[in-house]
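Keep in mind that this is a model prediction, so the values were computed, not measured. Here is the naming used below: chain letters follow the sequence lines, and residue numbers restart at 1 for every chain.
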Amino acid sequence: MAESPITPRERDFAAWYQDVVLQGDMAEPAEIVKGCMVIKPNGYAVWEILQRELDDRFKATGHQNVYFPLLIPESFLKKEAEHVEGFAPELAVVTIAGGKQLEEPYVIRPTSETIIGHFFAKWIQSWRDLPVLMNQWANVVRWELRTRMFLRTTEFLWQEGHTAHSTHEEAVEEVLRILDVYAEVAEDIMAMPVIKGVKSKAEKFAGALRSYSIEGMMQNGLALQAGTSHDLGQNFGKAFDVKFQNKEGQLDYVWQTSWGVSTRLIGGLIMSHSDDKGLVLPPKLAPVKAVVVPIYRKDDEKVKVLEAAHRIAKEIGAKVDEREGQSPGAKFFHWERRGVPVVIELGPRDLASGNAVMKRRDTGTKEIVPQSEIPARFKDVLEAMQKDLFNAAQARLKANTVVANSIGEVEEILREVTAERGGGKFVMAHLKDDAVCDARLKEFKATVRNIPLVDEYDGAGKCIVTGEEVDRRVVIAKSY
RNA sequence: CGGGCUGUGGCGCAGCCUGGCUAGCGCGCUUGCUUGGGGUGCAAGAGGUCGUGGGUUCGAAUCCCGCCAGCCCGACCA
C-alpha cells in the first residue's frame, strides 16, 4: 500500500479531505462507474457501527425494518407533482430488461416515498392500523452532476424511515422525535455538534409540507446537512390514496413522515475531527479502538514482548500489530493515518519497568502507564477523547458563528468562502423565508441552512432583505 | 451538463511542446541480511495494453479527433 503525504488543510481543504479518505483507507472512487465509490473495510466498519447506533434507537422508538424493491414504476414518481419535479433530473431509468424494451420504464429509487405509499394504501384501512412505523436500510441512486466521496455520490447507502399517522400532531411528534435521535447520534456518537432546525421552503424535500434538518459545521466552516426529517402532511397520502377510517367513522388521508441519514455522515465525521496527519475517529465509532505496537530486537525479546502485547491486547480488546519487516515507526504512521484512537507501544524497556506507553490519536499525548493499570486508564482515555473531540468541534462551531444585521454584512462575511479556501461561518441573521431572500443569498452562493428550533439569540427582528418582521435569526452559510 | 486541469508498473511523478534505439526516476512490493522507542540500511529481483477507440505517419506515450474516468470552478443537488 503506497502511502503518500496528506495535503495540509491550510493549503487546500478539499485536497486534504480526499487525501484523508484515501489514506485512511475509507473509500476510493470507483472510476469504472461515474460518481460512485468503493467503501473499503475501514470505512464500511464505521458505517456498520453508525448503523447499529441508529438502528437500536429506531427499534427503541417502535420502528421495524422492511425492504422494498430497488426499481419503481416510473409513473409512481409522477403522482406527487412537487416530488417528480424535484427528482426527475436526477433519475436513472431502466428501459430494457430481459432483452426487451419495457412497456413502462422503472426508475432506480432515488428515495422510496412513492413505492411505499403504494403499499401503505393496501395495508391501511382503519385508524387501528395506525401508526405504521417503518425503516428501510437501502441504497439509492441520484444522478448528481458533481460528486465527492461520502458527501455526495451517485449511489449511496442510507436509511429511510417511513411512517403513517392518523393525525398531523402525531406525525409532527414523530418528525421531531427522529430529529432528536439524529442529533443524539451526531453529538454523542460522532462527537459532531449540530443545529436542529426547519428547512426553508426553497430547501425542503420535494413533496414535503415541512422539512427539518440537523446541520453540522465542518473544519472549513462549511455547513453539512447531516440528516433530514420530513413532515409530508397528506401530500403522499392523497397522491397514493392512502385512506383510513377514523374513530368517528369518516374517511381521511394518512399523515406521513419520512426521514433519512446516509453515508454522508462519514464525510461529516472526517471533516469534523481529522487532522493533517490523517483520519481521527471518535472512540465510539472506531472499529479498532487500540493497537499494540511491539518493539523488540532479539528473538528472546520478541517472544516476551509479544506475549505481554497479546495479554494487554486481550484485556482491552486491542489488535497487536505483529507485521514482520515493518519498523515500529512505520507502524505508528500506519495506524495514525487510519484514525485508531489509542496506540500502545510496548518494548523491552517497558517489560523491565512493568509499564507501557499509551498514545492518544487526537492530542498526540504519550503517557507511561503501569501495565496493571492499562484497562482502567484505557477506558478513561477513550472517554476523555470522545468528550474532547466533541468539545473541540463545539468550540469551533461557536467561534465560527457570527451575528449579522445587514445583508451587506452577510455578503462580506461569506462572499469569498469556498470549500478549499475555508473560512466559512454560520451567520445568524433575521431573514424571511422567501424567494426574494433566497435569490439575494444566491448572489454570493450562500443559503439558509435552517431556522433553528431553539432561538439562542435575540428573538424577533426585521428581515435584512425585505424589512418584514420575522420571529428569529436563521443560519446562513455556504454548504456542501 | 458548461469551463479548466489531469490520466504513464501498486502510489507519486519525469518524458509530450520539437514523433525515432530495449519508456525512465522516487516510493512501495518480493528475497536475503541488517535494523527496530516516529517512515532503518544494503544488495539482488519482479512488475508497464503509456485511460480507451480511431486517425495522421515509414514510425505515436508524444500530433489530431471521439469516448471514459478523476479533481477544481459553475450550474444542479434529501
Side-chain angles (χ1 to χ4, degrees), chain A residues 1-5 7 12-15 17-19 21-23 28-37 82-83 85-91 109-113 140-149 151-154 156 158-161 182 199 202-208 211-215 224-230 232 258-262 264 277 293-298 301-302 305 321 323-337 343-353 355-357 359 364 366 368 418-421 442 445 447 479-480:
Chain A
M1 174 65 65
E3 284 150 4
S4 311
T7 307
D12 183 340
F13 192 86
Y17 174 74
Q18 287 277 329
D19 291 344
V21 170
L22 259 20
Q23 296 303 315
E28 66 181 53
E31 292 191 323
I32 46 165
V33 189
K34 189 185 176 76
C36 292
M37 66 176 169
E82 215 177 290
H83 192 66
E85 197 187 321
F87 281 105
E90 44 184 297
L91 293 178
R109 65 179 161 223
T111 178
S112 302
E113 277 76 6
V140 290
V141 167
R142 296 179 186 180
W143 213 260
E144 303 285 359
L145 296 176
R146 184 172 180 190
T147 57
R148 305 185 203 228
M149 280 190 286
L151 300 175
R152 177 171 291 107
T153 47
T154 300
F156 57 94
W158 77 344
Q159 60 67 217
E160 44 179 328
Y182 287 163
K199 294 305 272 188
E203 298 262 323
K204 79 174 172 62
F205 177 68
S211 290
Y212 296 77
S213 74
I214 53 170
E215 302 280 334
L224 184 76
Q225 178 173 297
T228 47
S229 188
H230 312 292
L232 301 177
S258 70
W259 27 274
V261 295
S262 70
R264 169 184 269 195
K277 293 174 180 166
V293 175
I295 297 154
Y296 46 79
R297 250 175 241 273
K298 307 176 200 106
E301 280 179 352
K302 179 177 168 181
V305 168
D321 188 349
R323 288 175 299 161
E324 289 294 341
Q326 292 268 2
S327 70
K331 291 177 180 176
F332 297 148
F333 277 88
H334 179 80
W335 297 111
E336 186 166 72
R337 267 193 316 272
V343 169
I344 293 172
E345 306 175 11
L346 189 74
R349 253 156 39 199
D350 305 294
L351 290 193
S353 64
N355 296 324
V357 177
K359 184 171 181 191
K366 277 187 185 182
I368 295 169
T418 66
E420 31 309 310
R421 273 201 297 274
K442 198 171 180 174
K445 297 167 187 72
T447 48
S479 72
Y480 275 105

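Around CD of A:Glu82, the count of heavy atoms belonging to other residues, nucleotides or ligands within 6.0 Å exceeds 12.
With contacts defined as side-chain heavy-atom distances shorter than 4.5 Å, the pair A:His83/A:Thr111 qualifies. The shortest distance between side-chain heavy atoms of A:Lys277 and A:Phe333 does not fall below 4.5 Å. Between A:Leu91 and A:Trp143, every side-chain heavy-atom pair lies at or beyond the 4.5 Å cut-off. The shortest side-chain heavy-atom distance between A:Glu336 and A:Val343 does not fall under the 4.5 Å cut-off. Looking at heavy atoms from C-beta onward, A:Thr153 lies out of side-chain contact with A:Cys36 at the 4.5 angstrom threshold. Inter-residue side-chain proximity for A:Ile295 and A:Glu345 is flagged as met; some heavy-atom pair is nearer than 4.5 Å. Looking at heavy atoms from C-beta onward, A:Phe87 lies in side-chain contact with A:Arg142 at the 4.5 angstrom threshold. Proximity of A:Pro294 to A:Asp350: side-chain heavy atoms (C-beta onward) are nowhere separated by under 4.5 Å.
We find that the ring of A:Phe205 and the base of B:A78 do not stack by the test of centres under 5.5 angstrom and planes tilted less than 30°.
In this structure, A:His230 and A:Phe205 have parallel ring planes: the angle between them is below the 30° cut-off, well short of the 60° mark.
Separation of the P atoms belonging to B:U57 and B:G19 is 16 Å when rounded to the nearest angstrom. Comparing the C1' positions of B:A69 and B:U22 gives a spacing of 31 Å, expressed to the nearest Å. To the nearest whole angstrom, the two P atoms, one in B:C17 and one in B:G48, are 26 Å apart. For the P atoms, the distance linking B:C76 with B:G2 amounts to 15 Å, nearest Å. Separating the C1' atom of B:G51 from that of B:G7 is a span of 6 Å, rounded to the nearest Å. Nucleotides B:C1 and B:U8 are separated by 24 Å at their P atoms, to the nearest Å. Spacing of C1' atoms, B:G32 relative to B:G37, comes out at 26 Å, to the nearest Å. Between B:C63 and B:C16, the distance separating the two P atoms is 9 Å to the nearest Å.
With rounding to whole Å, A:His83 atom NE2 is found 11 Å from B:A78 atom P. Summarising the geometry, the separation between CG on A:Asn355 and C1' on B:G37 is reported as 14 Å, rounded to the nearest angstrom. Atoms OH (A:Tyr17) and P (B:C71) sit 11 Å apart, rounded to a whole Å. Atom C1' of nucleotide B:C71 and atom CG of A:Leu22 are separated by 12 Å, given to the nearest angstrom. In this structure, A:Phe333 atom CZ and B:G28 atom P are separated by 13 Å, rounded to whole Å. Between A:Asp12 atom CG and B:C5 atom P the separation is 18 Å, expressed in whole Å. Rounding to whole angstrom units, CZ of residue A:Arg148 and C1' of B:C71 are separated by 10 Å. A straight line from CG of A:Asp321 to C1' of B:G39 spans 13 Å, rounded to a whole angstrom.
Which of B:C77, B:G74, B:C71 sits closest to the side chain of A:Glu90 comes down to B:C77. Across B:A78, B:G39, B:C1, the shortest atom-to-atom separation from the side chain of A:Ala330 is found for B:G39. Taking the side chain of A:Lys34 as heavy atoms from C-beta on, and the options B:G70, B:A78, B:G39, the nearest nucleotide is B:G70. When distances are taken from the side chain of A:Glu144 to each of B:A75, B:C76, B:A78, the shortest belongs to B:C76. Listed nucleotides: B:C1, B:G36, B:G39. Nearest to the side chain of A:Leu145: B:C1.
Within 4.0 Å (heavy atoms only), A:Lys331 reaches no atom of the nucleic acid at all. A:Ala15 comes within 4.0 angstrom of no nucleic acid atom, judged by non-hydrogen atoms across all strands. Residue-level contact check: A:Phe156 touches the bases, meaning some heavy atom is under 4.0 Å from a base atom. The residue A:Glu31 sits close only to the backbone: its heavy atoms come under 4.0 Å of sugar-phosphate atoms, none of a base. Residue contacts shown for A:Gly325 are absent, as no nucleic acid heavy atom lies under 4.0 Å away. At a threshold of 4.0 angstrom between heavy atoms, the contacts of A:Val357 include nucleobase atoms, whether or not backbone atoms are also involved. Using a 4.0 Å heavy-atom cutoff across all strands shown, A:Glu160 reaches no nucleic acid atom at all. As judged by a 4.0 angstrom heavy-atom cut-off over every strand, A:Ser262 is placed among the base-contacting residues. Residue A:Gly347 is in base contact, counting any heavy-atom pair closer than 4.0 Å across all strands shown. Here A:Lys298 lies out of heavy-atom contact (under 4.0 Å) with every strand. In this structure, A:Pro348 reaches the bases: a heavy-atom distance under 4.0 Å links it to at least one base atom across the strands shown.
Listed pair A:Gln326 / B:G39 fails the phosphate criterion, with no side-chain N or O lying under 4.0 Å from OP1 or OP2. OP1 or OP2 of B:G36 has at least one side-chain nitrogen or oxygen of A:Arg297 nearer than 4.0 Å. The phosphate of B:C76 has OP1 or OP2 within less than 4.0 Å of a side-chain N or O from A:Lys442.
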Quiz item: Would A:Lys199 and A:Glu215 count as a salt bridge (charged side-chain N to carboxylate O under 4.0 Å, His left out) if you check the C-alpha gap in whole Å, the side-chain angles of each, and the deciding distance to 0.1 Å?
Solution: CA-CA 10 Å; A:Lys199 294 305 272 188; A:Glu215 302 280 334; 2.7 Å; yes

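Mapping A:Thr228 and A:Pro294 onto RNA chain B by nearest heavy atom places A:Pro294 at the nucleotide closer to the 5' end. Mapping A:Glu324 and A:Arg152 onto RNA chain B via the closest heavy atom, the residue that lands nearer the 5' end is A:Glu324.
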Quiz item: Using Watson-Crick and G-U wobble pairs whose two distances are both under 3.5 Å, how do you write the pairing of RNA chain B as dot-bracket, with | for links to another strand?
Solution: ((((((((.[[[[.)....(...]]]].(((((.......))))).....[[[[[..)....]]]]])))))))....

